[in-house]
Amino acid sequence: MEAARQCDQLFPTYIRQGRSPKRYKSGFINQRGDTVVPPTYDHAHPFRNGRACVQQGKLWGAVNENGDLVIAPLSGGSFFFSEDVAVFSSKAMKGVINKAGDVI
């Protein structure tokens, strides 16, 4: 539970790439503003239940508090974890996934 609380104190940050405000990469910072996860993702949502949904290309996956991709990009839309599960959808299937990436 402590790890989940700790990563819930990480926040998405957006670093502009070049001059266009539409081109950026996302990472995560802590409450002091220190970069914890470098900005390598196309988009990111805040942490919930120890996971943050991140976009790579057109697909969404999830990272842990270290920035490790724990759920490979599989969903066509973002998802949020609540009570350790999330609803996802892809071209091949729709369903519920747990924090380990297993389809339930």
Side-chain angles (χ1 to χ4, degrees):
M1 188 63 139
E2 183 64 32
R5 250 185 261 139
Q6 183 178 15
C7 68
D8 287 341
Q9 294 179 14
L10 298 179
F11 308 96
T13 185
Y14 305 95
I15 306 300
R16 198 161 85 177
Q17 304 290 299
R19 295 181 61 160
S20 172
K22 295 181 180 182
R23 294 184 58 222
Y24 59 87
K25 290 291 182 181
S26 298
F28 293 91
I29 58 173
N30 61 19
Q31 291 179 323
R32 293 186 307 254
D34 301 326
T35 299
V36 177
V37 177
T40 58
Y41 301 103
D42 294 326
H43 194 70
H45 288 296
F47 276 88
R48 292 180 73 183
N49 288 132
R51 299 289 183 261
C53 191
V54 294
Q55 183 181 25
Q56 287 186 317
K58 294 186 179 193
L59 297 177
W60 292 82
V63 295
N64 64 14
E65 68 275 2
N66 298 319
D68 300 326
L69 199 59
V70 292
I71 299 175
L74 60 85
S75 180
S78 63
F79 50 88
F80 296 96
F81 283 90
S82 178
E83 298 183 23
D84 296 337
V85 296
V87 176
F88 77 97
S89 66
S90 68
K91 288 183 179 182
M93 67 169 53
K94 293 180 182 185
V96 177
I97 194 167
N98 67 16
K99 287 172 52 172
D102 302 321
V103 177
I104 299 174

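- The two residues Phe47 and Val63 come nearest to each other via the heavy atoms CE2-O, 3.7 Å.
- Checking side-chain atoms of Ser90 against main-chain N and O of Met93 turns up a donor-acceptor pair under 3.5 Å.
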Start with the C-alpha gap between Phe80 and Asn49, add the side-chain angles, then the distance that decides, and say whether side chain to side chain contact (heavy atoms under 4.5 Å, CB included) holds.
CA-CA 9 Å; Phe80 296 96; Asn49 288 132; over 6 Å; no

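- With values rounded to the nearest 0.5 angstrom, Ile71 atom CD1 is found 8.5 Å from Asp102 atom CG.
- Residue pairs meeting the salt bridge (charged side-chain N to carboxylate O under 4.0 Å, His left out) criterion with at least one partner in residues 72-84, sequence neighbours excluded, are Asp84-Lys99.
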Output a table of donor-acceptor pairs, distance under 3.5 Å, between side-chain atoms of residues 26-39 and any protein atom two or more places apart or on a different chain; print 'none' if there are none.
{"residue": "Asn30", "atom": "OD1", "partner": "Arg32", "partner atom": "N", "Å": "3.0"}
{"residue": "Asn30", "atom": "OD1", "partner": "Gly33", "partner atom": "N", "Å": "3.1"}
{"residue": "Asn30", "atom": "OD1", "partner": "Asp34", "partner atom": "N", "Å": "2.9"}
{"residue": "Arg32", "atom": "NE", "partner": "Asp34", "partner atom": "OD2", "Å": "3.1"}
{"residue": "Arg32", "atom": "NH2", "partner": "Asp34", "partner atom": "OD2", "Å": "3.2"}

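- Residues passing the side chain to side chain contact (heavy atoms under 4.5 Å, CB included) test with Ala72: none are found, sequence neighbours excluded.
- In this structure, Val54 and Leu69 have side chains that are in contact, with non-hydrogen atoms separated by less than 4.5 Å.
- Val87 meets the side chain to side chain contact (heavy atoms under 4.5 Å, CB included) test with Val96; sequence neighbours excluded.
- Residues passing the salt bridge (Lys or Arg N to Asp or Glu O under 4.0 Å) test with Lys25, sequence neighbours excluded: Asp42.
- By the side chain to side chain contact (heavy atoms under 4.5 Å, CB included) test, Arg23 pairs with Gln17, Ser20, sequence neighbours left out.
- Scanning all heavy atoms of the two residues, the minimum distance from Ser89 to Ser75 falls at O-OG, 2.9 Å.
- Connection of Leu59 to Phe88 is not established within any shared hydrophobic cluster, with ILVMFWY side chains joined at heavy-atom distances below 4.5 Å, either directly or through further cluster members.
- Transitive grouping of hydrophobic side chains (ILVMFWY, heavy atoms separated by less than 4.5 Å) keeps Phe11 and Tyr14 in distinct clusters.
- Under the 3.5 Å distance criterion, the side-chain polar atoms of Gln55 are matched with a main-chain donor or acceptor of Gly57.
- For residues 58-78, every residue pair satisfying the ring pair (Phe, Tyr, Trp, His ring centres under 6.0 Å) rule, not counting sequence neighbours, is listed here: His43-Trp60, His45-Trp60.
- Screening residues 66-78 for salt bridge (charged side-chain N to carboxylate O under 4.0 Å, His left out), with sequence neighbours left out, gives no hits.
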Could you walk me through whether Asn64 and Arg51 pass the side chain to side chain contact (heavy atoms under 4.5 Å, CB included) check?
CA-CA 5 Å; Asn64 64 14; Arg51 299 289 183 261; 3.8 Å; yes

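- Taking Phe81 as the reference, Phe79 meet the ring pair (Phe, Tyr, Trp, His ring centres under 6.0 Å) condition, with sequence neighbours excluded.
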